[in-house]
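The first residue of the sequence shown is numbered 1, and numbering continues consecutively from there.
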Amino acid sequence: MSPLTLAEAVAAIEQLYPLATAQSWDRVGLVTGDPTQPVRRIHLAVDPTLAVIDEARDLGADLLLTHHPLLLRGVHSVATTFAKGASVTHLIVADIALYVAHTNADVAVRGVSAALADACGLVGATPLAIEEGQPMGRVGDLGQPLTLGEFAARVADALPRAPGGIRVSGDPAALIGRVAVLGGAGDGLFGAVRASGADVYVTADLRHHPALEAREEARGGPPYLIDAGHWASESLWLRYAAADLAARLPDDVEIHLSSICTDPWSFVI
């Protein structure tokens, strides 16, 4: 039997994460690679960093599927004197195709926010908001109420370890029953969180002023905030993507998950 082609692998990916569901500003899809090249090993990661590309090469991967785009913003050189250029060059020299599923993976039925909602133990989860016709985030209920401290510990246990840990704003003894989540940067949806009646919002990249204003609006009460870290909150999706791809691809195609934490921080003091 002929090996799987990159075009066939891409078709399977796009069944799960259609390009049309990405936000208009996003840059998703095939970045490098020849549609006719064979794909025997697929490597999954959150970020296409140089270290992740080296990891994929050392594993003999033919396709690197990442969540975050390599070329989200315009570049004017792909010389190896720049990190972006070195990344493109390393991919091409190693004959590794790069495919990006970003906001189209965020909104998928078993996408980034769905994986985070499951990890938080939500039941009856529904979209938190609709943007450009697509469901953003999730909001749902816990099986039984927990204190904010207990729930934060659950979130910490469910997420992969990152140097920054998780940050929590609110009374640790406050009762939590309804939870909103958005994997990745989420301080643009505070209005939707308040409207949802959530007691706590689990997301990442909460900046000082938006987070402070949200807490001021809450007058010290709900919704409380949990900043779970960008990489950690999105990396849960990789296992879903691996399982869903495996169900659509031939049994002889190997799928690997990156072991590299691409959170940019190394330690805290």
Determine whether a donor-acceptor pair (N or O, by modelled atom type, separation under 3.5 Å) exists between the side chain of [X] and the backbone of [Y].
X: Gln134; Y: Asp106; value: no
X: Asp62; Y: Arg41; value: yes
X: Asp227; Y: Leu206; value: yes
X: Thr32; Y: Ile96; value: yes
X: Arg215; Y: Pro222; value: no
X: Asn104; Y: Tyr17; value: yes
X: Lys84; Y: Leu71; value: no
X: Arg27; Y: Trp25; value: yes
X: Asp26; Y: Thr103; value: yes
X: Ser113; Y: Leu182; value: no

Rounded to the nearest 0.5 Å, what's the gap from [atom1] on [X] to [atom2] on [Y]? Could you check?
X: Arg167; Y: Ile226; atom1: CZ; atom2: CD1; answer: 12.0 Å
X: Leu4; Y: Ile42; atom1: CG; atom2: CD1; answer: 6.5 Å
X: Leu236; Y: Trp231; atom1: CG; atom2: CH2; answer: 9.0 Å
X: Leu142; Y: Leu122; atom1: CG; atom2: CG; answer: 6.0 Å
X: Glu55; Y: Leu50; atom1: CD; atom2: CG; answer: 13.0 Å
X: Asp95; Y: Asp34; atom1: CG; atom2: CG; answer: 8.0 Å

Is there a side-chain contact between [X] and [Y] (heavy atoms, below 4.5 Å)?
X: Ser196; Y: Tyr201; value: no
X: Leu257; Y: Leu44; value: yes
X: Leu30; Y: Leu6; value: yes
X: Thr203; Y: Leu189; value: no
X: Arg178; Y: Val139; value: yes
X: Leu16; Y: Arg248; value: yes
X: Val168; Y: Leu225; value: no
X: Tyr224; Y: Ile176; value: yes

Parallel, tilted or perpendicular, as decided by the 30° and 60° cut-offs, for the rings of His68 and His230:
perpendicular
Between His67 and His102, how do the two ring planes meet: parallel, tilted or perpendicular, split at 30° and 60°?
perpendicular
Taking all non-hydrogen atoms of both residues, which atom of Ser87 and which atom of Leu70 are closest, and how far apart?
CB-CD1, 3.9 Å
Can you give me the closest heavy-atom contact between Ile130 and Pro135, atom names plus distance?
CD1-CA, 3.7 Å
Polar contact flag, side-chain donor to acceptor under 3.5 angstrom, Asp47-Thr49:
no
Working for side chain to side chain contact (heavy atoms under 4.5 Å, CB included), residues Val179 and Phe151:
CA-CA 10 Å; Val179 180; Phe151 178 70; 3.8 Å; yes
Presence of salt bridge, Asp157 and Arg154, under 4.0 angstrom
no
